[in-house]
**Student:** 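My structure is below; once you've seen it, I'll send some questions.
Order of listing sets the numbers, starting from 1, for every ligand and every atom in it.
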Amino acid sequence: MAKDEPDLLKEAEKVLKNNDRGKWIMPAGELYPHQWLWDSCFIAVGLRQLNIERAQTELRSLLRGQWANGMMPDMIFADVKGASLDRILWDSATSPYAPHNIDTSGVTQPPMLAEAVLQIGKKLSLPERRTWYKEMLPAIIEFHQWLYRERDPSKEGLVTLIHPYESGLDNSPPWVAELKARGIPLWVGAIDKLGLGFIVNLIRRDVRHSPANQRMSNVEALAFFAALRRLRRKSYDSKKILNRPFLAVQDLVFNCILIRANVCLEEIAKVAGHKLSEDLVTNMRRSQTALDKLWDEPTGQYYCRSFVSGELIKEPSIATLLALYAGSISQEQAKRLVELIKKSRQFGASWPIPSVPLNSPYFEPFKYWQGPTWINTNWLIIEGLNRYGFDAEASQLRERTLELVAKSGFWEYYNPLNGQPAGAANFSWTAALTIDLLKT
Ligand code: GLC
């Protein structure tokens with residue numbers, strides 16, 4: 001490693017301190033000024049290693065945004081200059097369930113909350129742990145119940161997402177492929193064809209802070225915006241939206257995280273002495289085997305599935321490896337996924353693990369979720385590898401991840417071929433998960 005570990009730890013702490021807004025930490029300076037759902041969960045996982053109370057505060061702050069129906073929004077908007085457009089675009093007040101005293105987005109993000117709550121609890125004494133779990137349990141239960149009630153209409157144990165932002169991997173190939181299959185709105189294509197891409201910059205903050213070739217394309221950004229408008233028109237009402245779905249995907253990453261989150265929830269409830277409702281337990285049990293429906297034997301991979309066509313979206317991405325984190329697949333399937341990590345044409349890059357396999361036509365080393373290596377997905381996969389007993393592979397990935405951060409700094413993502421950094425600098429979850437990897 002270029003820098004020794006104590007330095008890395010201190011620098012990581014500094015990143016978090018600079019991004020700290022008091023009771024919650026923003027992902028990165030000007031580019032991401034709000035509180036994000038899964039970011040804060042990753043941040044809390046790292047913070048628990050340094051300051052358990054601050055880690056608890058981070059998660060408590062997330063509960064401010066929970067909707068009356070249980071939905072946890074992906075963003076809770078900060079009142080800062082230059083970011084008011086977000087709240088106007090989302091206009092969450094259009095839903096009767098949105099909180100009155102705070103503005104949020106109208107969609108959710110992967111349910112990492114239960115994992116973060118559980119991991120913090122493990123650092124506490126038993127009586128404190130019980131109190132902590134009792135405090136957080138109702139919000140987690142309501143969130144998971146909402147997911148099953150409103151997003152699993154056919155009771156398959158698979159939750160359906162209605163916007164790419166909900167997956168956390170915004171423009172990853174399966175979502176872009178599905179978007180194209182459903183039809184990019186004519187006006188989006190027209191703006192692109194007429195070379196009026198600059199108009200898009202009015203609603204995009206990202207390209208003002210990072211080179212455009214490191215972000216999603218204008219067509220993708222506009223199509224995402226069009227999808228958001230459709231949801232807003234239906235007041236973010238899942239029932240109405242899924243009755244006549246336009247863009248709806250049984251997302252692999254989200255469901256893998258949900259499966260693990262259910263295990264965490266059960267453990268939290270047990271320690272808190274709370275009996276989960278039969279209905280919720282039935283839904284959770286269905287999820288345990290639901291990944292079978294997303295498995296494709298010929299290619300030996302898991303995929304997302306279109307809720308509209310009912311077909312697997314066979315665009316390989318890092319999502320398949322997250323099945324290791326879910327923990328509900330067989331040892332044999334886990335072994336096949338580990339082989340993919342090692343193959344140089346697949347995920348075996350010099351600076352692993354690329355968000356898209358190297359042999360995918362989508363692969364571009366700097367392009368957001370279409371190639372770069374991200375630290376949060378590495379962290380999830382390390383957890384999964386450990387769970388299935390691939391200790392050597394887990395510790396190798398841990399080492400390489402720390403080397404990458406030591407070499408290039410705390411960035412949003414990295415070129416998997418040469419380790420060059422990209423996206424936003426001083427990125428909070430990169431810092432927090434580095435702390436966690438150093439301390440475990
Ligand atoms: C981007 C990422 C998303 C993350 C957010 C804030 O939108 O795709 O996963 O939560 O930035 O960091």
**Student:** Just checking, Arg387 and Tyr325: is the charged tip under 6.0 Å from the six-membered ring centre and within 45° of the axis?
**Tutor:**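 Yes, cation above the ring, under 6.0 Å and within 45°.
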**Student:** With sequence neighbours excluded, give me every salt bridge (Lys or Arg N to Asp or Glu O under 4.0 Å) pair touching residues 98-109.
**Tutor:**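 As it turns out, the salt bridge (Lys or Arg N to Asp or Glu O under 4.0 Å) pairs with a partner in residues 98-109, which skip direct neighbours, are Arg87-Asp103.
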**Student:** Around ligand 1, what residues show up once you keep those with a heavy atom under 4.0 Å from it?
**Tutor:**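 Protein residues near ligand 1 are Pro27, Tyr32, Trp36, Trp38, Asp39, Gln109, Gly168, Asp170, Tyr368, Trp369, Phe427, Trp429.
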**Student:** List for me each residue that meets salt bridge (Lys or Arg N to Asp or Glu O under 4.0 Å) alongside Glu150, sequence neighbours excluded, and say none if there are none.
**Tutor:**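 Scan of Glu150 (salt bridge (Lys or Arg N to Asp or Glu O under 4.0 Å), adjacent residues dropped) gives none.
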**Student:** How are the rings of Phe143 and Trp146 set to each other: parallel, tilted or perpendicular (split at 30° and 60°)?
**Tutor:**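 Ring orientation, 0 to 90° scale: parallel.
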**Student:** I'd like to check the ring-ring contact (aromatic ring centres under 6.0 Å, His included) partners of Tyr413; sequence neighbours left out, ordered by chain and number.
**Tutor:**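 Tyr413 satisfies ring-ring contact (aromatic ring centres under 6.0 Å, His included) with Tyr368, Trp374 once adjacent residues are dropped.
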**Student:** Taking the six-membered ring for Trp, is the centroid-to-centroid distance between Phe42 and Trp429 below 6.0 Å?
**Tutor:**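 When the ring centroids of Phe42 and Trp429 are compared, they turn out to be within the sub-6.0 Å range.
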